[in-house]
There are 2 protein chains.
Amino acid sequence: MNALIQKLERRARLLDEEKAFLADACQPPRKVSAGEDIIRPGDTPQASTLLIEGYTARYGTFDDGRRQLTALHIRGDFVDLHSFLLRTMDHGITALTPCTIAQVPHTTLKVITEQWPHLARVLWLDTLVDGAIHRQWLVSLGRRPALGRLAHLFCELSVRFSLVGLDDRCFSFPLTQSTVGDMLGLSTVHVNRVAQELRAEGVITWRGGRVQIEDWAGLTRIAEFDPMYLQLASDPV
Amino acid sequence: MNALIQKLERRARLLDEEKAFLADACQPPRKVSAGEDIIRPGDTPQASTLLIEGYTARYGTFDDGRRQLTALHIRGDFVDLHSFLLRTMDHGITALTPCTIAQVPHTTLKVITEQWPHLARVLWLDTLVDGAIHRQWLVSLGRRPALGRLAHLFCELSVRFSLVGLDDRCFSFPLTQSTVGDMLGLSTVHVNRVAQELRAEGVITWRGGRVQIEDWAGLTRIAEFDPMYLQLASDPV
DNA sequence: CGAGGTCTTGAAGACGATCAACAAACGTGG
DNA sequence: CCACGTTTGTTGATCGTCTTCAAGACCTCG
């Protein structure tokens, strides 16, 4: 919850009443174990899920079992704020690690749009930043070579962790190379090879479920990273 | 304008007052010629642009000039509704063909969020469907082979045109193969080759700036197309 | 009629996938 | 705390898809 508010306040000032209302809206936190589906494609959830701790991902699947992850969530992210209006989910959401989540009923979100228009705009903005991240991923998958794709992912995560008050140059990353492959549209083997290349360049270490960025300038150069899309400016909305 | 309302009403019922307010919000239409930028990266527009006729696209560029299109808009699409809250644009929007556009001032959009909460939710939903399309494109770029990518694009366009009342099995498509390559993350040469393959399969004809779908079942099979993500159900929001 | 853009075709090469095998790390139960 | 099985990471070899380069055909529009 605090992580969410901290992130939202990087983009717009919130009134104390708004923060209090948002905090009250959350149902008690719940644990989810790794590999469990939080939402299955076709579900029509009655509440939106806020990620308190852990990693979750959105995914689409093919008949033959191959999958593509379309988003990666960290603490403070609303993993399915869009289910409030989208109703039936066109994709699933899975817990990549053990997670703590809290739910906000859709009825409460509706009240926000009726009675707290400013807060509603801030939440709308949050879904729009989600879209901006999607666009960057599209650029990655469409035009960036494998090495740049992995580098870009780490750049993005570093900035996103800094928004929720975590050390951004060294963060927990207990995902398998196979999962990363499903995210970047690469095979597991190739993820392994480009990871080694990043290590050989000396820009990161990635071991034991942790990533440490050793050379930020070098990493951003390889990734051609420009953080503008993460909307760090704090404007009234 | 009518196209927008027609599309929105496929997802939620609108009151006559809401439709009237939305129609009044539009400034007089304006022509834009092919190749012209409607928005440049870094711009902070004071109005959102509605596409009345033609094709526009969102794009990201690299230093070396290569580009990746991240969205394709047809008539009835709000090409940058998100600029209302996102403020400074992280990407550009270009007219791929001669276009007619109309603008809606951000101040008016703000009034909608303050005084027309239901209409605001419908517009929010529209940006969420945008996100759903992004996710499908991510799946395409990440995991679909070139043939399936092109087939999927035509499936999506067919459904989207049907939502705005156009013949969906035969639509105007005056884009170059190079532009399609920038959309699908492919080289021009390869777009040419997979297009010929789709023709050879007898599922489409694509000539003289028009696409005709000859075998919908075959096309959707090649694309592994599932239209769920376009949110065709009409629910109260 | 000419010129520039677009489409088409061929050949060579690169990047990443797939297959296969082994090593290392992890977790679980004895 | 160790043994064992399973998952994850690593490496090599081969293969396929798509890219790049190059050149010629077609088309459109002044």
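Here is how names work: the chains are called A, B, and so on, in the same order as the sequence lines, proteins then strands, and each is numbered from 1.
Applying the 4.0 Å criterion to OP1 and OP2 of D:dG9, one finds that A:Gln196 has every side-chain N and O outside that range. In this model, the phosphate group of C:dC7 is not approached by any side-chain N or O of B:Asn192 to a distance below 4.0 Å at OP1 or OP2.
Using a 4.0 Å cut-off between charged side-chain N and carboxylate O, A:Asp130 and A:Arg135 make no salt bridge.
Side-chain proximity of B:Pro145 to D:dC18, C:dC7, D:dT10: nearest is D:dC18.
If you measure from atom CG of A:Leu141 to atom P of C:dC15, you get 18 Å, rounded to the nearest angstrom. Following rounding to the nearest Å, A:Arg143 (CZ) and C:dA14 (P) show an atom-to-atom distance of 19 Å. When the P atom of D:dC18 is taken as reference, atom CG of A:Leu186 falls 14 Å away, rounded to whole Å. With rounding to whole Å, A:Gln68 atom CD is found 15 Å from C:dA17 atom C1'. The CD-C1' distance, from A:Gln177 to D:dT7, rounds to 12 Å in whole Å. In this structure, CG of B:Leu150 is placed 12 Å from P of D:dC18, rounded to the nearest angstrom. Distance B:His190 NE2 to C:dT9 C1': 14 Å, rounded to the nearest Å. Distance, A:Arg144 CZ to C:dA14 P: 23 Å, rounded to whole Å.
Residue order along DNA chain C, read from the 5' end via each residue's closest nucleotide, puts B:Val189 first among A:Ser187 and B:Val189.
Side-chain atoms of B:Thr220 come within 3.5 Å of backbone atoms of B:Trp216 as a donor-acceptor pair (strictly under, hydrogens ignored).
Across all strands, B:Gly185 comes closer than 4.0 Å only to sugar-phosphate atoms, never to a base (heavy-atom distances). In this structure, B:Thr176 reaches the sugar-phosphate backbone alone: every heavy-atom distance under 4.0 Å involves primed, P, OP1 or OP2 atoms, never a base.
Residues A:Glu156 and A:Trp137 bring a donor and an acceptor atom of their side chains to less than 3.5 Å of each other. Under the 3.5 Å distance criterion, with hydrogens and angles disregarded, no donor-acceptor pair is assigned to the side chains of A:Ser48 and A:Gln103.
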- Could you walk me through whether B:Asp182 and B:Arg66 pass salt bridge (Lys or Arg N to Asp or Glu O under 4.0 Å), step by step? CA-CA 8 Å; B:Asp182 285 342; B:Arg66 292 176 313 138; over 6 Å; no
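With hydrogens and angles ignored, a donor-acceptor pair under 3.5 angstrom links the side chain of B:Arg193 to the base of C:dG10. Judged by distance alone with a 3.5 Å cut-off, no donor-acceptor contact links the side chain of A:Arg207 to the base of D:dG9.
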